[in-house]
Amino acid sequence: QVQLVDSGGGLVQAGGSLSVSCAVSGGTLSIYTVGWFRQAPGKEREFVSRINWSDTGALYADSVKGRFTISRDNTKNTVYLQMNDLEPEDTAVYYCAASNRLTQLRLPARYPYWGQGTQVTVSS
């Protein structure tokens, strides 16, 4: 059983940077991709970025492209999301998720495994 533990996040002023991490354990051999999603109060959970577990393939939502960078350290079974030039609109609970599916990976429903979430707050 795949288990994910989110960490990092916090409070930062607009224009600042934060990093969140996702430690993956369990059936990592079955994972195809690890993604980051976020959910702001009153809004649906939305795709932020994802990276494949065994190659360098990565994707970003248009809203974060050029500001966020996803990376992976397989020796530590950890996925990172470096967030730069943060905006108040980036305020949300950030969740990492893992999937063994191959398609439609911008949809939360395609991810069977989820971390507990970590709060990111950007003040103006």
Side-chain angles (χ1 to χ4, degrees):
Q1 181 77 0
V2 177
Q3 295 181 321
L4 307 173
V5 178
D6 305 329
S7 62
L11 172 64
V12 67
Q13 289 187 331
S17 298
L18 280 175
S19 179
V20 290
S21 302
C22 176
V24 184
S25 62
T28 56
L29 291 179
S30 67
I31 296 173
Y32 173 67
T33 198
V34 175
W36 284 98
F37 292 78
R38 66 187 182 186
Q39 188 165 19
K43 294 187 177 181
E44 294 186 352
R45 194 167 297 189
E46 65 173 359
F47 171 79
V48 175
S49 180
R50 71 171 181 89
I51 188 167
N52 292 342
W53 193 247
S54 59
D55 61 48
T56 58
L59 289 174
Y60 298 90
D62 288 344
S63 59
V64 306
K65 200 173 294 183
R67 300 187 297 122
F68 290 12
T69 302
I70 193 170
S71 62
R72 182 191 72 240
D73 185 341
N74 287 89
T75 64
K76 298 180 179 180
N77 282 353
T78 301
V79 174
Y80 305 94
L81 185 68
Q82 176 66 40
M83 303 178 287
N84 298 327
D85 194 21
L86 283 160
E87 304 167 353
E89 293 73 22
D90 296 315
T91 295
V93 177
Y94 282 69
Y95 299 89
C96 69
S99 179
N100 51 9
R101 280 79 185 260
L102 302 181
T103 61
Q104 297 182 298
L105 291 168
R106 290 177 181 261
L107 301 177
R110 302 294 287 171
Y111 291 75
Y113 311 106
W114 290 85
Q116 79 283 7
T118 183
Q119 178 70 46
V120 171
T121 303
V122 184
S123 63
S124 57

Rounded distance [0.5 Å steps], CD in Gln116 versus SG in Cys22: 8.5 Å
Mutual orientation of the aromatic rings belonging to Tyr94 and Phe68 [parallel < 30°, tilted 30-60°, perpendicular > 60°]: tilted
Within one Ile-Leu-Val-Met-Phe-Trp-Tyr cluster: Phe47 and Leu105, side-chain cutoff 4.5 Å: yes
Any side-chain heavy-atom pair of Trp53 and Val79 under 4.5 Å: yes
Heavy-atom pair of closest approach, residues Arg106 and Ala61: NH1-CA, 4.0 Å
Distance (rounded to the nearest 0.5 Å) between Thr69 OG1 and Arg67 CZ: 11.0 Å
Euclidean distance, Leu11 CG relative to Thr91 OG1, rounded to 0.5 Å: 8.5 Å
Ser123 side chain near Pro88 side chain, heavy-atom distance below 4.5 Å: no
Closest heavy-atom pair and its distance - Val2, Val24: CG1-CG1, 4.1 Å
Non-hydrogen atoms of Ser21 and Thr78 that approach each other most closely: CB-CG2, 4.2 Å
Heavy-atom closest pair, residues Ala92 and Gln119: O-NE2, 3.4 Å
Cluster check Leu59, Val48: I/L/V/M/F/W/Y, side chain < 4.5 angstrom: no
Residue pair Met83, Asp90: steps toward the side-chain contact (heavy atoms from CB on, under 4.5 Å) verdict: CA-CA 9 Å; Met83 303 178 287; Asp90 296 315; over 6 Å; no
ILVMFWY cluster, Trp36 and Tyr60 together (side-chain gap under 4.5 Å): yes
Under 3.5 Å: donor-acceptor pair, side chain of Thr118, backbone of Gly8: yes
Shortest non-hydrogen separation from Ser17 to Asn84 and the atoms involved: OG-OD1, 2.9 Å
Gap separating the OG atom of Ser54 from the CZ atom of Arg72, nearest 0.5 angstrom: 7.0 Å
Interatomic distance, Thr33 atom OG1 to Ile51 atom CD1 [nearest 0.5 angstrom]: 8.0 Å
Atom of Gly9, atom of Leu18 and distance for their closest heavy-atom approach: O-CD2, 4.0 Å
Worked verdict on Thr103 versus Arg110 for side-chain contact (heavy atoms from CB on, under 4.5 Å): CA-CA 8 Å; Thr103 61; Arg110 302 294 287 171; 3.2 Å; yes
Same cluster (ILVMFWY, side-chain, under 4.5 Å), Phe37 and Leu4: no
Same apolar cluster: Val64 and Val34, side chain cutoff 4.5 Å: yes
Within the 6.0 Å centroid threshold, strictly below: Tyr111 and Tyr95: no
Pairwise distance CG(Leu107) to CZ(Arg101) - rounded to 0.5 angstrom: 11.0 Å
